[in-house]
Amino acid sequence: MTTEPLPEHPEPLWRNPEPRSSYDVVIVGGGGHGLATAYYLASVHGITNVAVLEKGWLAGGNMARNTTIIRSNYLWDESAALYEHALKLWEGLPDELDYDFLFSQRGVLNLAHTLQDVREGTRRANANRLNGVDSVWLGPDEIAEVCPILNTSPDTRYPVLGGTYQPRAGIAKHDHVAWALARRADALGVDLIQGCEVTGFLKDGNRVTGVETTRGRIHAGRVGLAAAGHSSVLAELAGFRLPVQSHPLQALVSELHEPVHPTVVMSNHVHVYVSQAHKGELVMGAGVDAYNGYGQRGAFHVIEQQMAAAVELFPVFARAHVLRTWGGIVDVTPDASPIIGATPVDGLFVNCGWGTGGFKATPAAGWTFAHTLATGVPHPLNEPFSLDRFTTGALIDEHGAAAVAH
Amino acid sequence: MLLVTCPWCGPRDETEFHYGGQAHVPHPADPAALDDRQWAEYVFYRENPKGPFAERWMHATGCRRWFNALRDTASYRILATYRPHEPRPSPQPVETPTAPPSPGDRRAAGSSGGNR
Ligand SMILES: Cc1cc2nc3c(=O)[nH]c(=O)nc-3n(C[C@H](O)[C@H](O)[C@H](O)COP(=O)(O)OP(=O)(O)OC[C@H]3O[C@@H](n4cnc5c(N)ncnc54)[C@H](O)[C@@H]3O)c2cc1C
Ligand SMILES: [Zn+2]
């Protein structure tokens with residue numbers, strides 16, 4: 001065995017500062033959303049006296065575990081506006097952040113296998129077009145042209161009856177996205193503090209004045225929660241409730257293969273979605289494990305079912321092998337839409353409930369949450385996504401666009 | 001995969017069961033008296049603890065009866081299963097093994113279920 005010396009460690013992309021005793025804004029959670037929020041607070045609103053507190057390491061939660069699908073073909077006007085704003089930001093971010101995170105607009109197919117799917121899909125594609133989202137409805141033959149390895153023959157258990165296609169959708173390298181945002185936020189003066197768990201909230205009456213952490217007490221003018229699967233735990237510490245349930249969500253990759261899969265394919269009905277990463281792994285996922293769970297792992301029968309579905313749709317994958325499976329914790333709301341805005345505690349704001357599909361929204365979550373934290377009031381884009389809507393009844397039901405899909 | 005002890009049928013694979021979310025959520029006693037906020041609580045808000053959680057399961061491919069489980073949502077360990085009209089048991093420290101069920105008594109609440 002040869003003993004090559006290890007290469008030089010690359011330059012760190014951000015500082016590793018000690019927490020200061022007080023900040024204008026403290027963001028809890030250093031995933032994609034927390035980092036994007038800090039970046040836009042600094043770059044758009046000029047607020048740089050900001051700390052992002054992360055209990056583990058930066059972007060080690062769902063940001064490191066998602067399957068990176070980016071699309072904006074959601075049904076309702078409110079959602080289309082929010083997700084399409086995200087997609088437009090994605091299109092500019094590699095240049096803006098000066099970081100090539102392999103954003104690849106290779107399109108997304110959402111397949112229909114039942115009459116109900118066909119009705120939902122055509123309705124959604126039409127709604128998308130009215131909202132300026134580049135969605136089209138394709139028949140089985142057109143789908144076969146977009147993705148030749150897909151089995152579109154009529155003799156399968158759930159034949160492909162059609163599907164929606166969004167050409168501007170795609171994938172990106174999630175960890176690089178986080179590092180790109182972290183590097184720029186840090187350069188603008190934001191303190192990214194890892195290994196710092198928030199364990200309580202300081203309050204003066206009903207106003208939040210700071211947080212208790214495993215690295216001491218930190219005062220704050222405003223506090224923003226961006227803790228994804230742990231949002232309920234933090235809300236309870238702060239003394240209010242959230243209408244979210246935390247579930248394990250699993251994904252898997254195969255070993256590396258030659259490029260065979262040109263786009264992203266999702267099927268709510270047979271419960272699988274598949275893309276092929278730049279390196280060559282097939283990346284697959286499905287729905288959540290049914291029970292509530294904070295364990296970042298789930299059951300193997302869920303993996304087994306999604307692979308059965310994948311092989312039915314893509315006969316060419318029958319001899320591929322699973323290399324790795326993992327899980328994250330996703331915070332699911334009753335209407336499959338996020339919550340971004342005020343909480344019952346003054347000065348404390350929340351961005352949560354993105355469930356299985358918040359990676360695609362990273363820039364818009366950051367954009368709207370930064371606006372909310374900077375001004376104290378929501379941006380028009382996140383105004384409909386208030387916690388209030390569960391009391392007023394103004395739900396934004398995206399189960400059709402979001403169900404298994406991400 | 002979890003091993004879930006149905007209080008009627010005994011230990012079975014998780015795939016035989018349907019999950020039902022938080023247990024012991026009573027229907028409002030006087031529905032007409034509730035305001036919007038209270039309806040929101042009843043319809044949309046459920047506990048979501050990291051730790052012991054009383055939740056409903058249904059033995060879908062077995063006896064098809066609903067029952068409750070006390071399960072730790074961080075370790076996934078099932079601390080107890082019990083019939084719907086029985087009170088929520090207090091969470092046992094995980095280290096303390098529950099008494100083995102007496103022969104023929106399938107009702108013993110202490111479940112042998114655990115995580116993978
Ligand atoms: C398997 C899987 C596949 C997915 N696939 C897709 C997809 O294809 N497309 C898509 O759009 N979305 C997808 N998602 C969803 C997406 O990953 C999430 O919606 C999104 O990452 C959530 O925002 P975040 O990045 O900020 O979360 P996270 O990265 O989870 O960040 C939250 C952070 O908060 C930290 N935290 C929690 N509690 C505390 C505390 N007390 N103190 C300090 N820090 C704390 C956590 O450690 C964590 O780092 C997927 C998720 C999973 C699990
Ligand atoms: Zn049974």
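Values reported hereafter were calculated over all heavy atoms of this structure, with side chains retained and with hydrogens, waters and symmetry mates removed. Each chain gets a letter, A, B and so on, in the order the sequences are listed, and its residues count up from 1.
Contacts between A:Val302 and chain B at a heavy-atom distance below 4.5 Å are absent for every atom of the residue. Proximity to chain B is absent for every atom of A:Glu236, based on heavy atoms less than 4.5 angstrom apart. Only the side chain of B:Phe53 comes within less than 4.5 Å of a heavy atom in chain A; its backbone stays farther off.
Pairing each heavy atom of B:Glu14 with each of A:Ala299, the nearest pair is OE1-CB, 3.8 Å.
Residues from residues 24-40 of chain B that place a non-hydrogen atom less than 4.5 Å from a non-hydrogen atom of chain A comprise B:Asp36, B:Arg37, B:Ala40, given in numerical order.
Under the salt bridge (charged side-chain N to carboxylate O under 4.0 Å, His left out) criterion, the residue pairs touching residues 241-250 of chain A are A:Arg241-B:Glu41, A:Arg241-B:Glu47, with sequence neighbours excluded. Counting only residues at least two apart or on different chains, no salt bridge (charged side-chain N to carboxylate O under 4.0 Å, His left out) pair has a member in residues 57-68 of chain B.
Counted within 6.0 Å of CH2 on A:Trp326, heavy atoms from surrounding residues, nucleotides or ligands total more than 12; the atom is thus considered enclosed.
In this structure, the side chain of B:Tyr45 does not engage the main chain of A:Leu242 through any donor-acceptor pair within 3.5 Å. Here the side chain of A:Tyr294 pairs no donor or acceptor atom with the backbone of B:Tyr76 at under 3.5 angstrom.
In this structure, NE2 on A:His230 lies 2.5 Å from NZ on B:Lys50, to the nearest 0.5 angstrom. Taking CG of B:Leu2 as the reference point, atom OH of A:Tyr291 lies at 4.5 Å (rounded to 0.5 Å). The distance from atom CZ of B:Arg71 to atom CG of A:Asn292, rounded to the nearest 0.5 Å, is 6.5 Å.
Residues B:Phe44 and A:Asp335 are not in side-chain contact: their nearest non-hydrogen atoms beyond the backbone lie 4.5 Å or more apart.
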For residues 305-312 of chain A, please give each side-chain donor-acceptor pair under 3.5 Å, one per line with the distance, not counting sequence neighbours.
residue, atom, partner, partner atom, Å
A:Glu312, OE2, A:Arg157, N, 2.9

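Side-chain contact check for A:Ser246 and B:Asn48: at least one donor-acceptor pair (N or O, by modelled atom type) lies under 3.5 Å.
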